[in-house]
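Protein chains get the first letters and strands the later ones, always in sequence-line order, with residue 1 at the start of each.
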Amino acid sequence: MASEIAFQATGIEKSFPGVKALKGVSLTLKTHSIHALLGENGAGKSTLIKIITGVHHPDAGRLILEGQEVHFASPREAIAHRVGVVHQERNLIPRFSVAENIHLEQLGASLLKPVDYANLNKQAARWLEALGLDIDPRTPVSRLSVAKMQLVEIAKALSLRSRVLLLDEPTASLTPSETDLLFSFLRKLRDSGASLLFVSHKLEEAQELCDSVTVLRDGSNACESRPMEGLGRQDIVRLMIGRAEGDGGWRKRDTPPGVPPAIELKNVETSLGHANVNLHVRKGEIVGLYGLVGAGRTELAKCILGQFPLTAGTVEIDGKPAKIRSVGEALHIHRVGYVSEDRKGEGLVLMHSVLGNAGITVWRPLSALLGFLTDRLVRHKVTPYIEKLEVKTPSLAQTVANLSGGNQQKISVAKWLAAGVKILLVDEPSVGIDIKTKAYLHDLLRELADNGTAILLITSDMPEMILLADRILVMNDYRLQGQLINDGSYAGMSEGIMNLIHRSEAA
Amino acid sequence: MSYPDLPAKGPSGDIVGKPRRNTAATRFYLTNEFGLIALIVLFALAFQFATDGFFSPFNLFSLGRIAAVNIMIGLAMMVVVITGGLNLAVGAIGVCAAMTCGYLIEVVGLPWPIAILSAVALGAMLGFINGWTSVRTGLHSFIITLATMSIFFGVMIFLTRAESYRALPPVFAAFGRMKLLGIFSPLLLVSLMAALFLGYLYNLTAVGREMLAAGAKPEAAEMSGINVGRIFIYCHMLSGALAACAALMLVARNGAAIPSMAGQLGQDWLLIAFLGPVLGGTLLTGGKASVLGTCLGAFLVTMLTSGLLLLQLGDFWIQSFLGLLLLAAVLMDKTRRTFLARRNMA
Amino acid sequence: MNGSLANAMRSDWFGPLLVTIIAVVIVGSFNPSFLSPLNIQVLLLAIAVNGLIAFSQMLIIAIGQMNLSVGAIGGLCAIVFAGMMDVWHVPAPLAALSALSIGVICGIINGVLIARTGISAFVITLATLSVYKGINLGITHAQPFYNIAESVKSVGQGAIFGVVPWLMLPTMAVGLVLWFMLNRQPIGRFILAVGGNQHAAELSGISIENTVVTAHALSGFLAALAGLLLVARLQMGQPTIGDDWLILSFAAPVIGGAILAGGHVSVPATLLGVVIVAIITQALVLFDIDPFLVQVVLGAMILAAVGANRFRESRLSRKLKRL
Amino acid sequence: DSKIALVPGGPHPYFAAWEQAGKDAAKDFGLAAADYKVPQKWELSQQNQLLESLLTQGYNGFLIFPGDPVGSVSTVDELVSNGAPVVGGAGCFKDPSSASFCLGTDTGNSAYIGTKELLKTLTGTKKRIAHFTGFLVDPNTQLRIDAVKKAAEEEGATVVQVIADIDAPEPAEEKINAYLAAHANDVDGIITSAWVPAVVASNAVRKIGDKRIKMVAIDHDEVVLKAIKDGFVNGTMLQNPYGQGYIGTFVLDKLRSGCTVKTDAPFKKNALTDKFIDSGTAYVAADKVDTYVDAMRDTTKKLFETFQATYLTCK
Ligand SMILES: Nc1ncnc2c1ncn2[C@@H]1O[C@H](COP(=O)(O)OP(=O)(O)OP(=O)(O)O)[C@@H](O)[C@H]1O
Ligand SMILES: Nc1ncnc2c1ncn2[C@@H]1O[C@H](COP(=O)(O)OP(=O)(O)OP(=O)(O)O)[C@@H](O)[C@H]1O
Ligand SMILES: [Mg+2]
Ligand SMILES: [Mg+2]
């Protein structure tokens with residue numbers, strides 16, 4: 001496998017109002033290779049990818065594709081040069097079918113020639129199958145879960161058969177099994193000569209998949225295109241954050257058995273199909289809820305919050321049956337909070353400022369007579385969390401949409417940490433958050449629990465689950481399969497979890 | 001517990017809460033409001049140069065008086081546009097309120113302050129009907145207010161048989177004709193007060209912030225504990241009340257409550273109602289409002305019309321010139337912003 | 001449940017169709033003359049013109065924008081059409097062609113201004129509305145053009161089998177073409193894609209500018225066509241043509257389930273929206289409602305029509321969720 | 001120097017004659033100007049803004065068609081208090097107002113006469129008439145509805161339907177045709193009392209073609225006149241816009257040069273004002289349709305000759 005240089009970027013600079021996102025970054029991609037692009041949240045990874053694909057225009061620097069200098073004025077031109085991309089944020093047309101979304105680029109060949117939908121569906125089905133995605137290509141994407149949308153987006157990029165393929169955190173909302181499928185596919189692509197760039201905050205993945213690596217720190221190269229071989233995890237971490245990773249290991253946390261449940265579900269059935277759900281979370285406890293994508297965990301949380309009706313059973317809060325009809329009631333009457341897994345759809349008001357988002361849960365409680373409320377009050381309340389999570393933003397007035405993906409996620413979590421609720425449902429809190437902040441976040445969650453908050457943690461990130469949870473409940477197909485007491489050993493716990501899931505599937 | 005070697009604060013790259021030097025000023029120059037002020041000054045000078053009498057006391061007075069009403073109408077629309085909806089019934093609600101005020105004074109014989117309050121309350125109530133219906137049915141407020149526009153106006157015409165009420169106490173007409181310092185209409189003060197109130201609402205109260213958040217992204221707002229439905233209803237009620245205020249200002253200006261003051265079905269108000277907010281930077285998709293921008297936008301349009309009338313261009317062509325001027329204004333503003341943004345980044 | 005029936009029930013046109021049928025049955029049974037050939041012809045005439053107006057706006061709703069200038073473009077083209085025949089004695093087909101091209105040009109101006117400057121379509125089309133309407137008034141001084149070619153007049157009055165007016169043909173053709181375009185042709189899909197998620201469409205390599213300009217050009221064309229039909233129907237070129245198109249142009253697509261934010265419109269449902277409005281308007285005349293109450297009843301009927309449709313939708317979605 | 005503005009309520013063909021009338025009068029009486037100024041739309045506020053602007057521009061006499069009889073009064077008061085006399089043209093301001101008088105068509109009376117003329121042509125025993133008229137927000141519409149009803153009652157006829165709010169061609173076309181399609185057999189006569197309905201109804205009866213339904217129109221639109229010539233319409237109620245413009249300009253100049261309106265002048269009364277002067281309204285049937293312009297000119301001349309003596313006191 002002769003590998004030659006497929007693409008080169010040199011001295012790329014890019015400024016946004018108030019931020020210098022890239023300060024002379026270089027990157028070299030070779031054929032027959034998968035290249036890792038790593039860095040903290042806001043380091044400039046996505047910006048670099050957007051520059052390479054013509055979404056943004058560099059202030060300085062050169063892009064060289066197969067020896068030729070190129071200037072992409074728009075994403076169209078990049079696509080025409082067979083540079084494909086999966087962006088960090090989902091970019092699909094909600095009402096279009098999966099097949100049409102996958103092939104949108106290819107429709108443009110002739111504007112008037114009728115679209116051959118049968119063929120489109122057939123083509124799409126092939127890509128979906130390759131990624132192990134079992135959905136009808138005619139389904140509108142608006143009906144898919146976040147994870148499935150992500151896979152559709154990957155299929156969309158693959159369908160271009162690009163020479164250079166850039167993947168910005170494609171695995172952020174995937175579970176290990178889907179990730180494995182994707183990886184074997186990417187390796188096949190690599191072997192066929194493509195040149196791939198892979199961004200992830202899961203270092204294990206990057207190390208497993210990639211053969212070379214570029215690390216960005218604060219908009220500059222911490223290392224440029226060096227072989228992955230010989231780099232250990234700690235080396236990479238040092239490159240990323242300038243020093244070694246502390247060991248934020250599992251900690252045994254004891255909740256005295258006498259502590260009453262803060263929230264308890266008794267024989268809950270829902271209109272979405274949950275049956276016979278019994279669970280409780282005691283004050284100060286962190287209970288994990290694990291399951292594969294589509295297991296119905298998010299849906300359960302939403303049913304608790306009154307978004308979908310319960311058809312049987314009761315939810316008790318502090319021992320008293322509670323009828324929650326909206327998140328507003330949950331927050332203001334029962335002091336229950338919910339960190340959404342879908343930051344773009346439900347978590348954040350993207351067009352508003354950092355402050356406007358982070359404070360949204362505390363406006364009511366903070367406001368005085370006639371609802372009077374000043375920015376200062378809100379800032380006072382939320383800044384500690386924003387600082388603790390190291391949100392990288394030029395100011396609190398910055399529009400959230402302009403933040404990097406990971407930093408957006410931090411805001412989405414921070415606002416619920418600030419809300420000071422007694423019961424917190426946390427759904428995929430660390431999607432897209434870098435390793436350093438993830439550790440801080442875990443700290444914050446533990447701290448909350450230590451101070452008496454009951455936490456129900458939903459995450460598809462198994463290490464995170466095993467690191468944080470006191471007990472782990474396993475859900476599959478809208479039913480609870482069992483419970484494990486966490487002993488902090490990754491091997492043992494993950495095997496136990498998988499057993500529970502597979503036992504139910506075998507049954 | 002762990003990570004003992006970590007600094008407590010974010011690294012130096014984070015500038016939480018400390019805006020960079022210069023950005024505040026730059027940001028202001030980049031705003032719609034600044035652009036509108038620049039355009040207003042520019043066109044005012046141009047008109048002064050090209051016409052006689054643009055700055056004459058009477059013209060300033062009448063300009064201010066028309067602008068005052070237009071601003072109020074713009075605000076009435078703005079508060080609903082924030083929700084991503086719209087209120088086609090502003091005119092109809094306004095006329096209903098004005099006629100109610102006239103009826104209460106002339107037929108029932110209530111003292112005028114009570115009549116005014118009742119009229120505003122009626123406006124809010126009609127707004128409530130709009131809001132409640134659109135929230136409850138989940139239909140877009142476009143279609144709801146399209147229907148209620150017909151209904152409200154139709155009921156009004158049916159009840160009044162298109163007769164005006166003009167036996168109003170002289171304070172009304174006097175207020176409409178009063179001149180402060182020889183050039184200002186006190187109606188401007190009323191609009192100013194409404195604008196200040198809205199500014200307070202959106203910047204300094206929880207409800208106002210909730211309105212903006214709910215309008216920008218209802219799903220996210222709902223999932224953050226905001227009762228989006230109730231907030232939308234508040235917005236419609238506010239819109240109704242402001243529409244009533246605008247209509248009462250017209251009553252003062254005309255010295256009578258007349259059914260035709262907003263045209264057939266109240267549609268005459270619609271263009272100006274949208275124009276002010278949109279020029280002022282309010283997004284039709286919701287979530288962003290500029291009270292000052294709306295005022296300036298409405299004022300700019302009123303001024304352009306007034307200036308053009310003074311220019312005495314061919315009668316039937318005036319409308320074309322107004323359109324061209326409006327285009328020129330927005331294009332100039334756009335160029336300014338692009339220019340500044342480029343300069344600023346380089 | 002039968003699969004195809006379930007599919008039909010889920011589609012946008014099902015509700016409006018149901019409402020239409022119910023309305024026809026009710027009005028027809030109370031007033032048999034409603035179903036007389038002459039009356040159907042009158043109804044179809046109204047639908048022919050209003051359908052084009054609604055389509056013209058529907059395309060722009062599809063890309064998530066608004067076109068306030070539909071009426072102004074239609075009016076301008078109508079008086080150009082009539083004026084050319086009246087003043088310069090241009091043959092009707094040539095006059096029609098010129099008028100239609102002016103419509104397209106007006107649309108292109110809208111589209112280019114919007115796409116190039118990024119200023120909201122609302123402001124741009126509001127400004128061009130003034131420009132186009134002003135040109136109309138400047139040319140006509142508010143006086144109608146009377147001397148229309150006889151051929152145009154006879155087309156405007158003629159009907160196939162005494163029931164289907166000739167004017168219905170262009171509307172039907174446009175409806176079919178639009179349906180095909182929006183559902184089968186890439187250009188139509190691009191229009192909907194831009195409306196559904198402009199950013200995503202751009203990242204997928206769709207040229208936003210071309211798509212927006214195309215949509216506006218088509219919209220201008222349709223508005224112009226509606227103007228021409230009205231000239232034929234009114235037998236003269238009225239400068240006021242187009243003055244009150246705006247509300248209807250939005251109402252029909254919205255009744256037909258269009259989403260004002262863009263990305264979703266339905267040709268048959270929009271046409272049915274026009275039909276519903278036309279039937280309601282006619283019913284008000286047929287039942288001799290007190291003129292002072294006409295508006296009230298009209299509003300209530302529109303509310304009832306969309307409300308019924310909405311009720312069906314929510315019932316349906318609840319059922320689907322349970323499945 | 002007199003600078004007169006002739007301001008209609010909005011762009012409308014009815015007022016086209018004002019432009020020429022103003023020019024003629026300015027020439028005949030040596031005025032600085034008598035300009036026809038049109039608001040861009042039929043909106044009360046647009047008209048008010050235009051009037052205020054014209055005042056700023058130095059116009060000092062106004063012939064105005066009130067955008068609203070009541071709503072325009074306060075603007076008139078303002079104009080007059082700034083020294084510019086105002087005369088109501090074609091339509092009247094509602095008393096009390098500062099307008100000197102109103103020179104126009106008595107809308108109610110015109111509708112009344114028209115209805116009487118229509119009923120004369122009906123021969124059957126059942127006289128069923130339909131009335132097509134303009135915007136309901138215009139108070140004149142109510143006057144017309146009442147007048148038609150009164151005339152019908154006097155003749156033992158019934159008004160079977162009133163269709164209103166059809167001042168724009170599209171809805172007028174839709175509603176009138178719908179009505180005739182369903183009810184052509186239930187109606188014997190049509191009276192129209194607004195410009196657009198008259199035009200549209202003329203076309204509609206021409207389309208029906210059997211000349212059984214009689215119709216009386218209003219105003220002098222070409223379509224209407226042609227339909228009268230062709231026998232589809234029986235006649236039309238003509239008004240005299242030229243005379244309003246010409247005499248109105250003349251009077252405004254006189255008022256500026258020190259003349260005053262006689263308090264005991266033989267004003268007529270109508271529903272709006274006690275100071276009404278009929279600018280002439282005439283029923284024109286097929287026999288006179290070719291010479292109607294001359295007829296109106298005669299009316300104008302007659303009115304003009306005695307006008308100063310009858311209505312003004314000049315030093
Ligand atoms: N459109 C924009 N306007 C202003 N600032 C922006 C914009 N896009 C990115 N930035 C800023 O540029 C910096 C780099 O962002 P980028 O999205 O490239 O980070 P990233 O490395 O992808 O981070 P993450 O891991 O969180 O996705 C951030 O500080 C971000 O706030
Ligand atoms: N209206 C709907 N139509 C079709 N599918 C739906 C609908 N609502 C939810 N689903 C599907 O239900 C499944 C469950 O959602 P989701 O994947 O979020 O579950 P989860 O257990 O929270 O998994 P995870 O949290 O790992 O993503 C998803 O596949 C989602 O697409
Ligand atoms: Mg990123
Ligand atoms: Mg989930």
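When heavy atoms are compared at a cutoff of 4.5 Å, A/Glu447 does not approach chain B at all. Using a 4.5 Å cut-off between heavy atoms, A/Lys344 contacts chain B through its backbone alone, with no side-chain atom that close. Interface residue A/Leu331: only side-chain heavy atoms are found under 4.5 Å from chain B. Heavy-atom distances place no part of A/Asn357 under 4.5 Å from chain B, backbone and side chain included. Using a 4.5 Å cut-off between heavy atoms, B/Leu201 makes no contact with chain A at all. Of the atoms belonging to A/Leu305, it is side-chain heavy atoms, and not backbone ones, that fall under 4.5 Å from chain B. The parts of A/Thr374 that come within reach of chain B are both its backbone and its side chain, each placing non-hydrogen atoms under 4.5 angstrom from that chain. Heavy atoms of A/Val354 lying under 4.5 Å from chain B are absent altogether.
Nearest heavy atoms, A/His352 versus B/Gly287: NE2-O, 2.6 Å. The shortest heavy-atom contact between A/His332 and B/Gly225 is NE2-O, 3.6 Å. When every heavy atom of B/Arg209 is checked against every heavy atom of A/Leu373, the shortest pair comes out as NH2-O, 3.5 Å. Minimum heavy-atom separation, A/Thr361 to B/Ser224: CG2-O, 4.0 Å. Closest heavy-atom contact between A/Ile360 and B/Ala213: CD1-CB, 3.8 Å.
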For side chain to side chain contact (heavy atoms under 4.5 Å, CB included), just list the numbers for B/Thr285 and A/Met351, CA-CA rounded to whole Å, side-chain angles, deciding distance to a tenth of an Å, and then say yes or no. CA-CA 11 Å; B/Thr285 42; A/Met351 62 188 286; 5.8 Å; no
Take A/Trp363 and B/Thr205, measure what side chain to side chain contact (heavy atoms under 4.5 Å, CB included) needs, and give me the verdict at the end. CA-CA 8 Å; A/Trp363 289 341; B/Thr205 69; over 6 Å; no
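With rounding to the nearest 0.5 Å, the separation of NZ in B/Lys288 from OG1 in A/Thr399 is 9.5 Å.
Annotation: maximal heavy-atom pairing with chain A below 4.5 Å, among B/Asn203, B/Leu212, B/Ile226, B/Asn227, occurs at B/Leu212. Note: A/Gly328 leads A/Gly328, A/Gly356, A/Ser326, A/Ala330 in heavy-atom pairs under 4.5 Å with chain B.
Heavy atoms of other residues, nucleotides or ligands lying less than 6.0 angstrom from NE2 of A/His380 number 12 at most. Other residues, nucleotides and ligands place more than 12 heavy atoms under 6.0 Å from the NZ atom of A/Lys302.
Screening residues 213-232 of chain B for salt bridge (charged side-chain N to carboxylate O under 4.0 Å, His left out), with sequence neighbours left out, gives no hits.
Using non-hydrogen atoms only and a strict 4.5 Å limit, the part of residues 416-423 of chain A facing chain B consists of A/Trp416.
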